[in-house]
Structure formats: C-alpha cells, structure tokens
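Working notes, beginning with the structure itself.
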Number of protein chains: 2
Amino acid sequence: MKITSRFTVAVHTLLVIYLFGGRRKTTSEFIADSVQVNPVVIRRTLLSLKAAGMVEVKAGSGGASIVKDLNDITLYDVYRAVDSVEGELFHFHEHPNPDCPVGKNIHALLDDCLADAQRAMENELKKVTLASLAEELKQKAGGAPSA
Amino acid sequence: MKITSRFTVAVHTLLVIYLFGGRRKTTSEFIADSVQVNPVVIRRTLLSLKAAGMVEVKAGSGGASIVKDLNDITLYDVYRAVDSVEGELFHFHEHPNPDCPVGKNIHALLDDCLADAQRAMENELKKVTLASLAEELKQKAGGAPSA
DNA sequence: ATAGTTGTAACCTTTTTGATTACATCCATA
DNA sequence: TATGGATGTAATCAAAAAGGTTACAACTAT
C-alpha cells in the first residue's frame with residue numbers, strides 16, 4: 001500500500017502559499033487549481049496545517065498564509081501534520097495463535113525491526129526543510145513566476 | 001496507509017516452516033492455524049515465496065519446505081517477494097497543474113527525497129536475515145517447542 | 001446587506017485487502 | 001489403481017480507506 005497523497009498535497013499547498021503569498025489571495029480554490037484536486041480537499045489540508053501551527057487561514061475573507069519559519073518545517077512535520085501514516089507503517093496480522101511458539105513470539109521478533117525501518121524512513125524526511133524546497137523551487141521556476 | 005500484512009504473514013510462514021519442518025507436515029492449514037488466517041491466504045503466500053525461490057511446496061501430498069539458506073534471506077527479500085509495496089511508497093497526487101510553477105516542478109522537487117526515504121526504510125529491512133530471526137525465535141521459544 | 005470564503009457534514013465511488021467458497025488437479029500409498 | 005488429503009487458482013464478498021463532490025451554515029471585508 002501507499003502512503004496517502006495528502007502528504008504530497010500538503011507540501012504542494014505550502015509551496016503555493018509560499019510562492020504566491022502576498023501577490024495573490026491563496027484561496028482553497030486557487031491552490032486546488034495548482035494541485036488539481038477538489039477545493040474541499042485543500043480546505044481539509046489547510047485545517048491540518050493550521051492545527052500544526054504552520055499556516056493561518058482567514059475564515060470569511062479567504063486566503064492562507066504561512067506563520068512558521070520554513071527553516072523550522074521539515075517534510076516529516078508535514079507528514080505528521082496530515083497523519084500520513086496512522087501509528088505503525090507495517091500492518092501486522094492481528095491474531096497470531098498464542099498456542100504456537102511462532103505465533104506467541106512473532107510480535108516480539110519483528111516489532112523492533114519494523115519500527116527501525118519506519119524510523120529510518122521518517123528520519124530521511126526530517127532532513128529536508130521546506131525552506132530548502134522553496135529555495136530549489138525558486139531556482140527551477142525562475143525568479144518571477146507568472147502563472 | 002499501512003503496508004500489507006502479507007509481509008508479516010510471509011515472515012511468520014517461513015518461521016513456522018523452519019521451526020516445524022521435518023517434524024510436522026507444514027500444510028497450508030497447519031500454518032494458517034498459527035498465523036490465524038484463512039488457509040488460502042497461506043497458499044497464496046507460499047506461491048509468492050516459491051516464485052522467489054525460498055520454499056518448495058509439494059503439490060499433491062502437501063507440505064512446504066525451505067530451499068534457501070536463511071542467511072541469504074533478508075526481511076527485504078520477503079518484503080519484495082510478496083509485493084508489500086508496489087513501486088513507490090509515497091502516493092503522489094497525479095495531475096498537478098503544469099501551468100503553475102509549483103505544479104510543474106513539484107515532482108522534480110520531491111521525487112528524490114521520497115525515493116531516499118523509501119530506500120532508507122528498505123535498507124533497514126535488508127539488515128535483518130531470517131537466520132537471525134530464527135535464532136532469536138529458538139531462544140525465545142525454548143529449545144523444544146511442543147505446540 | 002452582500003459577495004466571496006471557509007468549516008464541516010454527508011454521501012458516493014473507487015480501490016485494495018483479505019476472507020471465503022468451490023473445485024479441478026495432483027500424488028503418496030494402501 | 002482407487003482414494004483421501006493437499007495444493008493451485010478462480011470467483012465472489014465484505015470491510016476499510018481514500019478521495020471526490022455537493023451542500024450549506026457561519027464568517028468577514030467592503
């Protein structure tokens with residue numbers, strides 16, 4: 001199975017707000033047009049990012065803005081903010097037979113390994129800040145985006 | 001989202017065959033009783049493990065046996081054998097708007113990071129051999145399992 | 001007041017998993 | 001060589017999760 005696209009949608013959302021913030025009113029509809037999903041999906045994403053203290057959303061008048069230093073937001077933070085993985089990454093079969101020596105011990109045998117693997121993945125996400133992505137984006141997109 | 005339990009089921013299956021091989025006929029039903037899933041699920045698992053060259057299954061008479069040195073089987077090999085993750089671990093939103101500087105570049109920005117994260121997770125799985133798990137299992141289960 | 005937005009519930013569809021049933025095929029052996 | 005126990009595999013089913021979509025109340029700048 002794959003990790004939900006909420007994660008990449010959320011990163012995309014932050015980058016749109018960053019790049020267009022100030023020059024445009026970054027409404028859910030505007031962002032949705034860049035991500036190409038339903039505006040409600042973006043609103044839900046913004047709620048998560050707001051709960052994580054990354055953005056602020058103007059209720060009636062519209063528009064989102066970033067309220068945390070992008071140097072202090074890693075991909076891992078975004079990944080967590082939108083609950084990309086609920087608890088454990090690996091899905092265990094739930095009722096191994098406790099009357100079998102394998103069934104009785106399989107959890108003890110695997111839990112640590114699997115947790116290590118998950119942690120290794122998450123630690124990679126911690127290495128990347130939104131600031132570095134934003135910087136790279138600016139270079140790729142050229143100094144003055146127009147779309 | 002979570003990675004399919006096929007993975008932990010497959011590891012469990014191999015360990016049952018290892019621990020009881022020789023003393024019992026490890027049929028799909030016997031293994032299913034330890035894992036606590038439907039025997040057909042085990043048969044499908046065994047087909048995957050067979051295709052990966054890890055086990056041999058006696059068609060008519062029944063029973064599976066391990067045909068590869070457990071030192072040469074890592075958790076990663078099992079993970080691959082049962083297609084735990086099909087391609088990319090992270091699910092990307094599929095149609096970002098190419099007319100937006102963010103939509104146009106989001107893939108280029110994230111693909112490497114996400115691939116690194118996935119690779120880090122998989123590399124952890126490569127560190128663990130079935131032989132080490134089997135050894136640990138023997139210790140935990142005591143020298144002479146009876147169930 | 002109004003027009004444009006957000007917050008949020010409700011519902012639907014699609015996809016994926018795994019459970020289950022069913023049965024043809026296979027094979028050791030009695 | 002008939003048979004009983006297994007496997008291989010297709011066909012369904014149901015449950016869970018993710019997104020898409022509609023709808024609308026509440027909010028706010030003007």
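Order of the sequence lines fixes the chain letters, A, B, ..., with proteins taken first and strands second; residue numbering starts at 1 for each chain.
- Side chains of B:Lys138 and B:Tyr18: a donor on one and an acceptor on the other come within 3.5 Å.
- Of the side-chain N and O atoms in A:Thr4, one or more sit less than 4.0 angstrom from OP1 or OP2 of D:dG19.
- Per the geometry, CD belonging to B:Glu29 stands 14 Å off C1' belonging to D:dG4, to the nearest Å.
- Panel note: side chain B:Gln118, backbone B:Leu89; a donor-acceptor pair is recorded below 3.5 Å.
- A chain of hydrophobic side-chain contacts below 4.5 Å, direct or via other Ile, Leu, Val, Met, Phe, Trp or Tyr residues, connects A:Leu125 to A:Leu70.
- Ion pair B:Arg80/B:Asp77 not flagged as a salt bridge, since none of the NZ, NE, NH1 or NH2 atoms sits closer than 4.0 Å to an Asp/Glu carboxylate oxygen.
- Side-chain atoms of A:Asn71 never come within 3.5 Å of backbone atoms of A:Ala131 as a donor-acceptor pair (strictly under, hydrogens ignored).
- Ring geometry, A:Phe20 versus A:Phe30: the interplanar angle exceeds 60°, so the pair is classed perpendicular (tilted spans 30 to 60°).
- Distance alone, capped at 3.5 Å, places no donor-acceptor pair between the B:Ser61 side chain and the B:Lys58 backbone.
- Salt-bridge formation is detected for the pair A:Lys127/A:Glu124: a Lys NZ or Arg NE/NH1/NH2 atom is positioned less than 4.0 Å from an Asp or Glu carboxylate oxygen.
- Note on ring orientation: taking the six-membered ring where Trp is involved, the planes of B:Phe90 and A:Phe7 are tilted (angle from 30° to 60°).
- Taking a heavy-atom distance under 4.0 Å as the criterion, the stretch of DNA chain C touched by chain B extends 5' to 3' from C:dT17 to C:dA28.
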Worksheet, complete the sentence: Per-nucleotide protein contact along nucleotides 25-30 of chain D, 5' to 3', at a 4.0 Å heavy-atom cut-off (B base, S sugar-phosphate only, - neither), is --BSS-
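- Nearest heavy-atom pair, A:Phe92 versus B:Thr8, reported as atom, atom and distance to 0.1 Å: CA-OG1, 3.7 Å.
- Using a 4.0 Å cut-off on heavy atoms, the residues of residues 33-50 of chain A that approach DNA chain C are A:Val40, A:Arg43, A:Arg44, A:Leu47, A:Lys50, listed by number.
- Where A:Arg6 and B:Thr26 meet DNA chain D, the nucleotide closest to each residue was compared, and B:Thr26 sits on the side nearer the 5' end.
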